[in-house]
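Below you'll find the structure, written out as structure tokens, and then a few comments.
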Amino acid sequence: MTSPSPADAASPAARNRVVLAAYTATIFLSALLLFSVQPLFTKMVLPRLGGSPAVWSVAMVFFQSLLLGGYAYAHVLMTLKSRTAPVVVHLVVLAVAFTFLPLSISSGWAEPPASGYPFWLLGLFAASIGLPFFALAANNPMLQAWFVRTGHPQGPDPYFLYASSNIGSFLALLFYPVLLEPMLTLHAQNLLWTVGYGLLILLIGVCGFLLLRAPPMVLALNDGDEAAPAPPWLQWGRWVFLAAVPSGLLIAVTAHISTDVAAAPLLWVLPLSLYLLTWVLVFQSRPLLPHVWMLKLQPLAIAGVVVLLAIGGEQNLLLTLGGHQLCFFIIAMASHGELARTRPPARYLTGFYVALSFGGMIGGLFAGLVAPFTFSWIAEYPILLALAALCRPWQPSRRGAMLLWLAAMAAALVLVALAYRADAAEVFLESWRVWAIGAVAAMAAVLAVAMRLERFQLAALVALGLLLVRVYPLDEGRVETVRSFFGVHKIVVTPGGYYHVLMHGTTIHGAEKFLNDDGTRVTGRPEPISYYHSDGGIGRAIAAIRARKSGPLRVAVIGLGAGTLACQAKPGETWKFFEIDQTMVDTARNPKYFTYLSACMPDIKPVIGDARLTFAREPDAAYDLIVVDAYSSDAIPIHLATQEAMAIYKAKLAPGGAVVMHVSNRHLELASVVVGIADANGLTSWVYNEDSGRDAEYIFTTNVVVSARKPEDVGSLASDSYWQSTPPTPGEWVWTDDYSNVLGAVYRRLRDGDN
């Protein structure tokens, strides 16, 4: 008997290295493309999307739904007995999808409808990017199934490749805002992504070739353990639930921190990155964070969120932001760790991924589409937080846990009952609110960890703690909420009823004084306050343009808010408002909340829709003054602050007219952006960034930019010491529909502070 030659002995090892490298690289590149296309395409369609953070939620629902479709397609293909058919079919699908590139907006989707906006968005995404994304979505489970059949020694447990996929996704999210967006135009990004897609097709062809070259007997051996029993339906349902809760929490926690805590741009990247990181960690061959640790920390994390909700977001902003995301990370790690712990044999791999994607879609649908039309506040966050307690594995409680649980439940119920006694509730609110809610949350965590509280009992106790947060709100005064697709708005009636304040998250968008200092009701024409008072930047600009014209103005206002600017109008003037959110119009018209419109413009008929589209239909040279004041919390819709948008504003200006853009912002330095886009259109700009000097409540400093064709068009404003004639910043790229740099605006705000 002759011994094998060294070359023969080395051949299988070399082949295995090639197989592992090819499949790892292909899955990594596929994930990189999958998650970089989401922000890329969203930016491409911004001129048709409005500036709402809710657009991100709809995009997430779309991508999760198509992910499910891709996983189901991969599952069906891998049930075929033929080795060749899955390879050929998938390569054909990829090739057909490549004909849709470079990415572009499908014809027939020119303008959103007056209603059904989320469903229109889903249709636009499906028609424009559906097939390329569908083909990408199928790659991860399909390539893992192919890897199993190549005969590689690691084939029986290929889930480590899922970690490679999520590393690619994680890096795509980090690199896009830091490298791609600031350095490349959208056109260049699109071409780069198309090249990457072509390279991916070649790599998948290599993987298919390696699969077809695998010996048939190896394929039969590694096609899965025929004796492995199929998971029961209850287990499939459990997998769906374990995937749905973190997916819904991802959208819910993003909505909470980007509105109620800090409406900072790009904030959505952080929780999504953490979400992907959990998948990377739990499917590693040797997890860095043991699952048993995460299960012990999970009740503490849930309790931590309850306490954070009770405390509120502005006491320590960085601590609150970090706290919510750290707790979300631990909760997601526990849920995803359960998925990794209970994963089935490789034979059922594609079906397992279908269950994961189905759960992700359900969680996304609930938090992204159902909740905004069902709840008047971000109720999905506490609901999903209570459901997260059910993601724990079942374990028997220790002796005495039931008695302690009953005692904690009784105490929490007593606190809830106090809400129905006004005198007791008032005392409670002043002194013990956070302590009482924190005690309930801490008791839940201690019982879960030390006494091994059963998961349904933990969920019930968490739900009661969250109910206390809602029953005893943090805001001073009475709060009413109004929710639409475009976000949650709060109408806060301050203690004593002196002011009504319109807020989106922590950002004030208007206020009105209802009672005088002596408690009598304010009568007559309401005085514009907040950012719109007469001594502020917007008020001074309106007065200067009015004095320059020496006659009634024709004014267009983009963004209604509480309707405050309606009371800046003079008799005989024509003012037209453009607003994307009908609920804002209804709120501003309701004298129960605000009286600016009812007192100053009772017959107003705002134009509803995205102003980039509706305002473009206005006749040219129609307005003496255009005021752009459209914000979603503290984030400005980028497509209203580009060179192309300013070209539209300029075209609608009458001779001698001016554009006023309100750019007050805690997180973005936008004055230089506006100066740049104005200069690109041949306009000169003046910047106002001074306090009015008035010592009064709800009178705010404003940052305003006025742009006009020549200095004479702004009258006395050109020589006013409050205003500075400002040239464009050297070296700063002009924002266009093809390029914007949000991170740069964030950096300038951090660098310059309030200066």
Side-chain angles (χ1 to χ4, degrees), residues 259-260 312 314 376-377 422-423 425-426 429-430 472-484 487-539 542 557 559-571 575 577 579 581-606 627 629 631 633 662 664 691-702:
T259 54
D260 286 345
E314 292 192 316
S376 62
W377 56 292
D423 53 344
E426 185 176 355
L429 282 169
E430 290 178 354
Y472 298 107
L474 178 66
D475 304 86
E476 293 185 358
R478 190 178 76 253
V479 180
E480 295 189 38
T481 54
V482 178
R483 187 171 189 175
S484 70
V488 179
H489 292 84
K490 295 187 293 187
I491 299 95
V492 179
V493 180
T494 60
Y498 285 90
Y499 290 90
H500 290 189
V501 184
L502 176 65
M503 302 185 69
H504 187 184
T506 56
T507 303
I508 293 176
H509 285 276
E512 181 178 349
K513 190 171 186 178
F514 271 69
L515 296 180
N516 295 307
D517 295 340
D518 59 3
T520 59
R521 188 170 181 83
V522 174
T523 57
R525 188 182 179 93
E527 178 189 5
I529 55 175
S530 66
Y531 297 104
Y532 313 102
H533 55 92
S534 297
D535 293 333
I538 298 176
I542 294 172
V557 181
L560 178 65
T564 315
L565 280 177
C567 289
Q568 285 284 7
K570 298 294 185 182
W575 286 57
F577 287 82
E579 172 61 48
D581 190 352
Q582 179 63 47
T583 62
M584 278 296 88
V585 177
D586 298 337
T587 300
R589 275 180 172 157
N590 190 342
K592 170 186 174 185
Y593 299 134
F594 302 98
T595 65
Y596 290 117
L597 292 187
S598 59
C600 301
M601 288 187 183
D603 299 324
I604 188 174
K605 294 181 179 179
V627 180
D629 184 40
Y631 282 80
S633 195
H662 183 200
S664 301
D691 195 339
S692 67
R694 290 180 54 174
D695 183 17
E697 198 169 7
Y698 292 107
I699 299 293
F700 304 138
T701 297
T702 52

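What's counted below: heavy atoms across the whole structure, side chains too, no hydrogens, waters or symmetry copies. Because the structure is predicted, anything quoted here is derived from the model rather than measured.
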Spacing of [X] atom [atom1] and [Y] atom [atom2] [to the nearest 0.5 Å]:
X	Y	atom1	atom2	value
Trp575	Lys570	CH2	NZ	10.0 Å
Leu502	Thr587	CG	OG1	7.0 Å
Asn590	His500	CG	NE2	10.5 Å
Tyr499	Ile508	OH	CD1	11.5 Å
Ile604	Ser598	CD1	OG	11.5 Å
Arg521	Lys513	CZ	NZ	13.0 Å

Check [X] against [Y] and note the closest heavy-atom contact, atom names and distance.
X	Y	answer
Gly559	Val557	O-CG1, 3.4 Å
Arg525	Ala566	NH2-O, 4.0 Å
Gly561	Ala588	O-CB, 3.7 Å
Val585	Leu560	CA-CD2, 3.7 Å
Tyr698	Thr494	OH-CG2, 3.4 Å
Tyr596	Ala511	OH-O, 2.6 Å

Check whether any side-chain heavy atom of [X] sits under 4.5 Å from a side-chain heavy atom of [Y], and report yes or no.
X	Y	value
Val492	Met503	yes
Ile542	Leu565	yes
His489	Met584	yes
Val522	Phe514	no

query = Using a distance-only test with no angle check, is there a side-chain donor-acceptor pair under 3.5 angstrom linking Asp629 and Tyr531?
reply =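 There is no such pair between these side chains.
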Would you say [X]'s side chain and [Y]'s backbone share a donor-acceptor pair under 3.5 angstrom?
X	Y	answer
Thr702	Gly537	yes
His533	Phe700	yes
Asn516	Asp518	no

task = In sequence, state the C-alpha distance, the side-chain angles, and the governing distance for Met601 and Cys567, and then conclude on side-chain contact (heavy atoms from CB on, under 4.5 Å).
result = CA-CA 8 Å; Met601 288 187 183; Cys567 289; over 6 Å; no
inquiry  = Going by the rule side chain to side chain donor-acceptor pair (under 3.5 Å), which residues pair with Thr595 if we only count those two or more places apart in sequence or in a different chain?
reply    =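 Partners of Thr595 under the side chain to side chain donor-acceptor pair (under 3.5 Å) test: Glu512.
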